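This report refers to the structure that appears directly beneath it.
Chain identifiers are assigned alphabetically (A, B, ...) following the order of the sequence lines, protein sequences preceding nucleic acid strands; residue numbering begins at 1 within each chain. Below, all heavy atoms of this structure are taken into account, side chains as well, without hydrogens, waters or symmetry copies. Please read all numbers here as calculations on a predicted model, not as lab measurements.
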Amino acid sequence: MANTRDVLVAGGGIAGLAVALAVRRAAPMARVAVADPAFADPAFADPALASAGPTQGRRTLRAVAVAAGSRRFLDALGAWEPVAAAAQPMVEMVITDSREADAPRPVFLDFDGEAEPGEPFAHMVFQDDLRAAVLRAATENGVELVPDRVSGFRREGGAALAIEAGGTASRARLLVAADGGRSRLREAAGIATVGWDYPQSGIVATLSHEIPHDGRATQHFLPGGPLAILPMRAADGSERRFSLVWSVPHVEAARLLALAPADFIAALEARIGFAYGALTLEDRPAAYPLRLVLPRALVAERFALLGDAARTIHPLAGQGLNLGLRDAAALAEAVAEPLGLGLDPADPSVLDAYARARRFDAVLMAGATDGLNRLFSNDSLPARVLRDVGLGLVDRVPALKRLFIRDASGLSGAVPDRFRR
Amino acid sequence: MPQPTAPTDYGPATRVDGADVARYDALGDAWWDPKGAMAPLHRLNPTRLRYIRDLIVRHFAVGADAPLPLAGLSILDIGSGGGLLSEPLARLGGRVTGIDPAPNNVAVAARHAAEAGVAVDYRATTAETLAEAGDLFDVVLALEVVEHVPDPDAFVMTACGLVRPGGLFVLSTLNRTAKSFALAIVGAEYVLRWLPRGTHDWNQFRTPDEIATPVRLAGLKLLDRTGMVFDPLRNSWGLSRDTDVNYLVSAKRPA
């Protein structure tokens, strides 16, 4: 069959598009496609449409933290420059720990973070902007877009036969499942998962405020769960907008979402104080149940998991997208070599190399964020003493702090050489 | 698995070894199983492909960012077997002819290429037959094949005769040294069981100098001699200056 592609990515999120783009950049002879029903929407087919309107063309104000390592990878792919202007550098990360009643929060950890001299350890960017930039770079580099959802697959004659929801089927030597935390293709591949639901929901909202944040991110570890304030650029370019990620027990989440905007802000101010001046909600707060999901394998015959499909972690450190981008870099690195030699990108040795490169990283991050959440979502005295001493120690040992910052910026661990720059 | 075919007329005894041909002919689909009988060749394949690709790109001055580095070049793969070399070279843009005296091999290779949507011209024929027809190619490859022919000198001269002026010849085989006896015969066939016993006859192995002689006699100029060594720790092959066991020889016909 003449229409067998080398790589078909199911799921056109940022990580899925990035892996397709990275494969084309590293192996220009490769036939690569991404399938996602969203591509049928003209705003996605033509990213130029996403540049006007009340939210400045964006469907949502949802933001993502791009660690320094991820930024370099995106830059190497030509997908960073378009979002750079609206990106908010995160130059400092403050971590506090206290009981609900104590306000203002004592500062226990103050990361003055630069990954390398002159480089912020992370940037906050609008998810829609980043997706549009990666999509544009992908199409410019010859990635084909399939406006349909891959609903299942089977192996047939040395290829994966992907079944699309519209009834068509297409062949690829490697099928990459980037179809999210509840990946159907992961299930279709027979890959079991381990994991659990947290008793918390994550509330996400965007707020504007009076007093500039100066690029400072803050994590408050509250007994109900962590609360993160992530600095964003406002519509006028000033540093007067932040993204809120607030983990609370499910019942509390339902209560907070039902509040009028003024009451929601009052509830928030009770936790974070008044350092930002008057707060205004820019969008409707939404809540997501928090889960940890780890698959028992990352690859199967002619099949690889990527992004949230490869693990869903507690959003505490904002590492989901960054892990997905590291997946993309590692998988592109692994398949570029055989593709450049005319060989099979889904050879078992190639997929094993990808799984080896990613397994440790994924479990480490899932374990670390899960452990932090469990340690901090707790009002018992021994746990409080333990974490205060622990964070205090980190703060007093400069070498440990640098390691922490490097880890948060995604520069430690298995970043493929091709994208290390 | 296909049944071994009935004895075929493989041509004059000087051309191919009938017993060897029958053994490879019986492999069938096992050629393409990376964990099957041909696993050792699958492991070796990336290393020899990298050598060939890089040599061709250098020799024919292909642009570094050409998406299809072998585009426009005619390539002859002698002893193409299941197509493990022919098919990747065609994917990189080469106009590949794969010849093998075993008809089953040709059928397996052709079916695999058709399934993959790759165009390769597979023929059940010999280098001698092509030479008699006067065919010429930009690149002639004889990889892991000279150790299976009864008259290696005549075979090498015939293969070199198929290289067009300005073209390349690449051959790989096993050296005849104490080390190759220990590793390729005792190690690979008896200890590790990578290969069926009797796959190779050490007495048929040729040293690089013995290969160089007919290459020069055929009017070609030697370019390079490189070893391929197996690293048991990484479970993979790499290029090396050590030509004691597996090695590659390349040569060009002056334009």
Next item on the list: Let me know if B:R53 has heavy atoms under 4.5 Å from chain A in its side chain, its backbone, both or neither.
Entry: side chain
Checklist line | Atom pair OH/CG of B:Y51 and A:L341 - distance to nearest 0.5 Å | finding: 15.0 Å
Checklist line | Crowding at CZ, A:R184 (>12 non-hydrogen neighbours, <6.0 Å) | finding: no
Checklist line | Close side-chain approach of A:D344 to B:R91, heavy-atom, < 4.5 Å | finding: no
Margin query: Quick check: closest heavy atoms across B:P67 and A:M29, and the distance to 0.1 Å?
Written below: O-CB, 3.1 Å
Check: Residue by residue, which of residues 40-49 of chain B have a heavy atom closer than 4.5 Å to a heavy atom belonging to chain A?
Finding: B:N45, B:P46, B:L49
Checklist line | Heavy-atom closest pair, residues A:R171 and B:E115 | finding: NH2-O, 3.2 Å
Notebook entry, point to check: If you check every heavy atom in residues 69-88 of chain B against those of chain A, which residues fall under 4.5 Å?
Noted result: B:P69, B:P88
Margin query: I need the A:L343 CG to B:R50 CZ distance, nearest 0.5 Å.
Written below: 9.0 Å
Next item on the list: Name the member of A:A30, A:S349, A:G340 that forms the most heavy-atom pairs with chain B at distances under 4.5 Å.
Entry: A:G340
Next item on the list: Check the surroundings of atom CD in A:E140: do more than 12 heavy atoms from other residues, nucleotides or ligands lie under 6.0 Å from it?
Entry: yes
